[in-house]
Amino acid sequence: MITFVTTNPGKFREVSAKLAPLGVRLRRRDRAYPEVQAERLEDVVRYAAGVVAGQVRGEFLIDDSGLFVDALGGFPGVYSSYAYRTIGPEGVLTLMRGRTDRAARFETVFLLGARGHPPRVFRGACQGTIARRPQGRGGFGFDPIFVPRGHRRTFGEMSLSEKNAISHRARAAEALARHLGGRRG
Ligand code: ITT
């Protein structure tokens, strides 16, 4: 059993669905961890892990993700949580008004930790573009404004399993699964 420390039920649903077929069970601890101001997602999870390790028994997982928009110099990136709460997806669309370069990517960094053990980090990314307007009610966060490369619909218009086949978080979960598989097998 791995404790996934996240305030975000959408993340928990996605990762649970990805790992369940492998026999890996997750439980959610709905608790915020301190997010340091840093320029890389990895620095955020590594700092948080030091705090979480003192609060959670056994193995834990934390996920820090962000939306990096090329035309905005990578913003909101590591500030995605703040940007979501303040300007929201509509605010990102406003910043993108008149921009023809709509390239963006989602990134996820997972940290698997346990007190007294060195942490392991896994990454996933998904390239795409920023939509002209929000579309769809599925997913969470910036999903309604992100169209993954090779698709015409936003993540917000996709089912959980469609998003889970191609997303940044799914890639990170696959890397985690390979690690767990190697360890168990
Ligand atoms: P925890 O830190 O408690 O896990 P959070 O929602 O604050 O939850 P992040 O800091 O990793 O998580 O996420 C930054 C923001 O990016 C946040 O507003 C999310 O809604 C959004 N986000 C993260 N993953 C996303 C995804 O797969 N699709 C759309 N938006 C996402």
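Atoms within a ligand are numbered from 1 in the order they appear, just like the ligands themselves.
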What residue and heavy atom of the protein are closest to [atom], and at what distance?
{"atom": "atom 6 (O) of ligand 1", "result": "Asn8 ND2, 3.0 Å"}
{"atom": "atom 20 (O) of ligand 1", "result": "Gly141 CA, 3.4 Å"}
{"atom": "atom 9 (P) of ligand 1", "result": "Lys11 NZ, 3.4 Å"}
{"atom": "atom 17 (C) of ligand 1", "result": "Ser81 CA, 4.0 Å"}
{"atom": "atom 13 (O) of ligand 1", "result": "Ser65 O, 3.6 Å"}
{"atom": "atom 25 (C) of ligand 1", "result": "Phe140 CE1, 3.3 Å"}
{"atom": "atom 28 (N) of ligand 1", "result": "Asp143 OD1, 2.6 Å"}

Which bit of [X] is near ligand 1, meaning a heavy atom under 4.0 Å away: side chain, backbone, both or neither?
{"X": "Tyr33", "result": "side chain"}
{"X": "Arg85", "result": "neither"}
{"X": "Phe106", "result": "side chain"}

Quick check: does any side chain N or O of [X] sit under 3.5 Å from a backbone N or O of [Y], one acting as donor and the other as acceptor?
{"X": "Arg102", "Y": "Ile130", "answer": "yes"}
{"X": "Ser80", "Y": "Leu67", "answer": "yes"}
{"X": "Gln55", "Y": "Val52", "answer": "no"}
{"X": "Asp143", "Y": "Ile145", "answer": "no"}

Where ligand 1 meets [X] - atom numbers and elements under 4.0 angstrom, heavy-atom basis:
{"X": "Thr7", "value": "1 (P), 3 (O), 8 (O)"}
{"X": "Arg169", "value": "23 (C), 24 (N), 25 (C), 26 (C), 27 (O)"}
{"X": "Asp64", "value": "9 (P), 10 (O), 11 (O)"}
{"X": "Asp63", "value": "4 (O), 11 (O)"}
{"X": "Lys163", "value": "26 (C), 27 (O), 28 (N)"}
{"X": "Ser80", "value": "14 (C), 15 (C), 16 (O), 18 (O)"}
{"X": "Tyr84", "value": "18 (O)"}
{"X": "Thr6", "value": "1 (P), 3 (O), 4 (O), 8 (O)"}

Does any N/O atom on [X] come nearer than 3.5 Å to any N/O atom on ligand 1?
{"X": "Arg31", "result": "no"}
{"X": "Phe142", "result": "yes"}
{"X": "Glu14", "result": "no"}
{"X": "His168", "result": "yes"}

For the OH atom on Tyr47, are there more than 12 heavy atoms of other groups (residues, nucleotides or ligands in this structure) within a distance under 6.0 Å?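 Incorrect, the count does not exceed 12.
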Within 45° cone and under 6.0 Å: Arg28 NZ/CZ vs Phe4 ring: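 Because its charged atom misses either the 6.0 Å distance or the 45° angle limit, Arg28 does not stack over Phe4.
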Would you call [X] and [Y] a salt bridge, using N to O less than 4.0 angstrom?
{"X": "Arg40", "Y": "Asp43", "result": "yes"}
{"X": "Glu162", "Y": "Arg153", "result": "yes"}
{"X": "Lys18", "Y": "Glu14", "result": "no"}

Looking at side-chain heavy atoms only, is the closest gap between [X] and [Y] below 4.5 Å?
{"X": "Phe60", "Y": "Arg29", "answer": "no"}
{"X": "Ile2", "Y": "Val24", "answer": "yes"}
{"X": "Leu180", "Y": "Leu112", "answer": "yes"}

Mind checking whether Phe155 and Phe146 have parallel, tilted or perpendicular rings, split at 30° and 60°?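 The rings of Phe155 and Phe146 sit tilted, inter-plane angle from 30° to 60°.
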